[in-house]
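Before any comments, here is the structure.
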Amino acid sequence: MTEKIIVVTGGSRGIGAATAQLAAARGYAVCINYVSNRGAADAVADGIVKAGGRAIAVAADMASETDIVRLFATVDKELGPLTALVNNAGILEHQIRVDEMTAERINRVLITNVTGSLLCAREAVRRMSTRHGGKGGSIVNLSSMAAKLGGPSEYVDYAASKGAIDAFTIGLAKEVAEEGIRVNAVRPGLIYTDIHASGGEAGRVDRLKNAVPMKRGGTAEEVGNAIMWLLSDEASYATGTFIDVSGGR
Ligand code: NAP
């Protein structure tokens, strides 16, 4: 049987870390990408190795094409032929209105969330597509409920980046459907991770959770479970589709 080999971008913390752990438990060899928090990435990798799995932690900035190319070359060399990608790394910036935004801020968000994800998909397709001699595979992109809700007065730039992820998911899914690759996305709602602190409001999930029909925030594992289903053969006829993991919001 072909070994399952996965890259999880932003796998050091939050949803990415949970996904890396779930993937390892399902037999994937895992590349945990991170940008700066080496301690967190090593801890996820060490945990997987101690449990008997295969994992490496690789620093690469999703805002850098050179870094992304090196990330995938490292996986080729150290783990083997890629079979899955989770485009999870994503950033948002402090909560402000559009009339206060600078071009620098907007471009930072777009290059990391959109260009980075597209370039990772490019590298994955070059390896997995039957058109390129690969054996097929699966890609899951991290969108957000912000793509539907728009992020008003918080981060419309981030919401727009996730709208781009939605269009990219639909388009790439059609482009590679005949080449053995499925492309899907998950739209998390309010999930307890560090991302809200990076937006300047660590307690954001608790402030907003009563607007969620389930009246609670979600966990990284709950998102990771949806990602794992989309990656798996159980989702063999699903491509270009979305799972909202958002408590009904
Ligand atoms: P998080 O807790 O803030 O973790 C972010 C992860 O991405 C970390 O592993 C971080 O690495 C990595 N990262 C950040 N910038 C990077 C870059 N330039 N290059 C490579 N890696 C980078 O985030 P999260 O909440 O788990 O979010 C994961 C994904 O889910 C994102 O795409 C986010 O937009 C989406 N999402 C989250 C929520 C939510 O409520 N949490 C809701 C909807 C969608 P370091 O550890 O090295 O910093």
Side-chain angles (χ1 to χ4, degrees), residues 7-22 30-45 57-68 70-72 85-93 107-117 119-120 140-151 154-155 157-166 168-169 185-209 211-212 216-224 226-227 242-247 249:
V7 170
V8 181
T9 67
S12 48
R13 292 184 288 123
I15 293 166
T19 302
Q21 286 155 346
L22 289 167
V30 188
C31 171
I32 296 138
N33 157 253
Y34 66 101
V35 65
S36 59
N37 198 333
R38 184 176 174 179
D42 283 345
V44 177
V58 181
D61 185 351
M62 291 298 112
S64 160
E65 182 175 12
T66 310
D67 279 16
I68 289 169
R70 179 180 44 75
L71 167 68
F72 284 84
L85 165 67
V86 180
N87 261 324
N88 167 79
I91 59 164
L92 47 74
E93 303 221 350
N107 287 336
R108 272 195 305 274
V109 171
L110 294 179
I111 196 171
T112 305
N113 295 2
V114 183
T115 311
S117 294
L119 290 176
C120 286
V140 174
N141 295 325
L142 268 290
S143 175
S144 169
M145 287 306 289
K148 290 181 169 180
L149 300 170
E154 291 191 326
Y155 16 70
D157 51 353
Y158 168 82
S161 79
K162 296 302 184 177
I165 292 292
D166 285 4
F168 149 49
T169 301
V186 170
R187 290 196 199 96
L190 292 164
I191 310 300
Y192 288 102
T193 72
D194 298 341
I195 203 168
H196 307 288
S198 65
E201 189 187 3
R204 180 170 175 268
V205 176
D206 285 331
R207 173 173 65 84
L208 294 171
K209 67 182 180 191
V212 176
R216 68 171 179 87
T219 66
E221 290 72 20
E222 287 175 308
V223 180
I227 294 169
F242 298 81
I243 300 180
D244 293 350
V245 184
S246 59
R249 192 163 178 235

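First listed ligand is number 1; within each ligand, the first listed atom is number 1.
- For ligand 1, the atoms sitting less than 4.0 Å from at least one non-hydrogen atom of Thr112 are 18 (N), numbered in the order shown with element in parentheses.
- Note: no N/O pair closer than 3.5 Å links Ser144 and ligand 1 by distance alone.
- Under 4.0 angstrom from ligand 1, there are no non-hydrogen atoms of Ala41.
- The proximity of Val205 to ligand 1, defined as any non-hydrogen pair under 4.0 Å, does not occur for either the backbone or the side chain.
- For Tyr34, no nitrogen or oxygen atom sits less than 3.5 Å from a nitrogen or oxygen atom of ligand 1, counting backbone and side chain alike.
- Looking at Leu142, Val186, Thr9, Val30 one by one, the single match for side-chain contact (heavy atoms from CB on, under 4.5 Å) with Val86 turns out to be Leu142.
- In terms of protein heavy-atom proximity, atom 23 (O) of ligand 1 is nearest to Ile195 CB, 3.8 Å.
- Scanning both residues, Val245 and Ala226, for their nearest heavy atoms gives CG2-CB, 3.7 Å.
- Residues Thr19 and Gly224 share a closest heavy-atom pair of OG1-CA, 3.7 Å.
- Residue contact check: Ser36 has heavy atoms under 4.0 Å from atoms 47 (O), 48 (O) of ligand 1.
- Glu154 has its side chain out of reach of Leu92: every pair of non-hydrogen atoms, C-beta onward, lies at least 4.5 Å apart.
- Residue Thr9 places no heavy atom under 4.0 Å from ligand 1.
- Residue Asp61 touches ligand 1 through backbone and side chain together, judged by heavy-atom distances below 4.0 Å.
- Residue contacts with ligand 1: Leu142 is placed with no nitrogen or oxygen under 3.5 Å of a nitrogen or oxygen of the ligand (distance criterion only).
- The side chain of Lys162, and not its backbone, has at least one atom closer than 4.0 Å to an atom of ligand 1 (non-hydrogen atoms only; side chain from C-beta on).
- Looking at Asp61, its side chain never comes within 3.5 Å of a backbone N or O of Val35 through a donor-acceptor pair.
- Residue contacts with ligand 1 leave out Arg187, since none of its heavy atoms falls under 4.0 Å from the ligand.
- Annotation: side chain of Thr115 is in contact with side chain of Leu119 (closest heavy-atom distance under 4.5 Å).
- Taking distance alone, with nitrogen or oxygen atoms compared against 3.5 Å, Val35 approaches ligand 1 more closely than that limit.
- Glu222 contributes a side-chain N or O that, together with a main-chain N or O of Thr219, makes up a donor-acceptor pair within less than 3.5 Å.
- The nearest protein atom to atom 19 (N) of ligand 1, hydrogens excluded, is given as Met62 N, 2.9 Å; this is a heavy-atom distance.
- Looking at ligand 1, you won't find any N or O of Met145 less than 3.5 Å from one of its N or O atoms.
- Here atom 14 (C) of ligand 1 lies nearest to Ile91 when heavy atoms of Ile32, Ile91, Asn87, Val58 are compared.
- Contact between Glu221 and Leu22 at its shortest, heavy atoms only, is O-CD1, 4.0 Å.
- Close contacts between ligand 1 and Gly10 involve ligand atoms 6 (C), 7 (O), 9 (O), 12 (C) [criterion: under 4.0 Å to a heavy atom].
- Protein heavy atom closest to atom 25 (O) of ligand 1, with residue, atom name and distance, is Thr193 OG1, 2.4 Å.
- One side chain, Thr169 or Asn141, offers a donor N or O that lies under 3.5 Å from an acceptor on the other.
- Using a 4.5 Å heavy-atom cutoff, the side chains of Val44 and Gln21 are in contact.
- Heavy-atom separations between Tyr158 and ligand 1 include at least one value shorter than 4.0 Å.
- Inclusion of Ile15 in the set of residues having an N or O under 3.5 Å from an N or O of ligand 1 is warranted.
- Nearest heavy atoms, Tyr155 versus Glu93: CD2-O, 3.5 Å.
- Under the 4.0 angstrom criterion for non-hydrogen atoms, Ala220 is not in contact with ligand 1.
- For the residues Ala147, Ala89, Ser12, the heavy atom positioned nearest atom 8 (C) of ligand 1 is part of Ser12.
- The ligand atoms of ligand 1 that sit less than 4.0 angstrom from a heavy atom of Asn37 are 45 (P), 46 (O), 47 (O).
- Close contacts between ligand 1 and Gly90 involve ligand atoms 31 (C), 32 (O) [criterion: under 4.0 Å to a heavy atom].
- Heavy-atom proximity to Ala60, at under 4.0 Å, picks out these atoms of ligand 1: 19 (N), 20 (C).
- Under the 4.0 angstrom criterion for non-hydrogen atoms, Gly218 is not in contact with ligand 1.
- Residues Arg187 and Ser246 have side chains not in contact (no heavy-atom distance under 4.5 Å, counting atoms from C-beta outward).
- For the ligand labelled ligand 1, residue His196 lies inside the 4.0 Å heavy-atom shell.
- Atoms of ligand 1 lying under 4.0 Å from any heavy atom of Asp194, numbered from 1 in the order shown and given with element: 2 (O).
- For atom 31 (C) of ligand 1, the closest non-hydrogen atom on the protein side is Asn88 O, 3.1 Å.
- Closest non-hydrogen pair, Met62 versus Thr112, comes out as CB-O, 4.0 Å.
- Of all atoms in ligand 1, listed by their number and element, those nearer than 4.0 Å to a heavy atom of Asn33 are 20 (C), 21 (N).
- Within the 4.5 Å cutoff, the side chain of Cys31 has no heavy atoms near those of the Phe72 side chain.
- By the 3.5 Å distance cut-off applied to N or O atoms, Gly189 is counted among the residues near ligand 1.
- In terms of protein heavy atoms, atom 48 (O) of ligand 1 is closest to Arg13 NH2, 2.8 Å.
- Within the 4.5 Å cutoff, the side chain of Cys120 has no heavy atoms near those of the Val7 side chain.
- Contact detail for Val8 and Gly16: the closest heavy-atom pair is CG1-O, 3.6 Å.
- Between Asn113 and Ile91 the shortest side-chain heavy-atom distance falls below 4.5 Å.
- Electrostatic pairing of Arg108 and Asp157 does not count as a salt bridge here, judged by no charged N lying under 4.0 Å from a carboxylate O.
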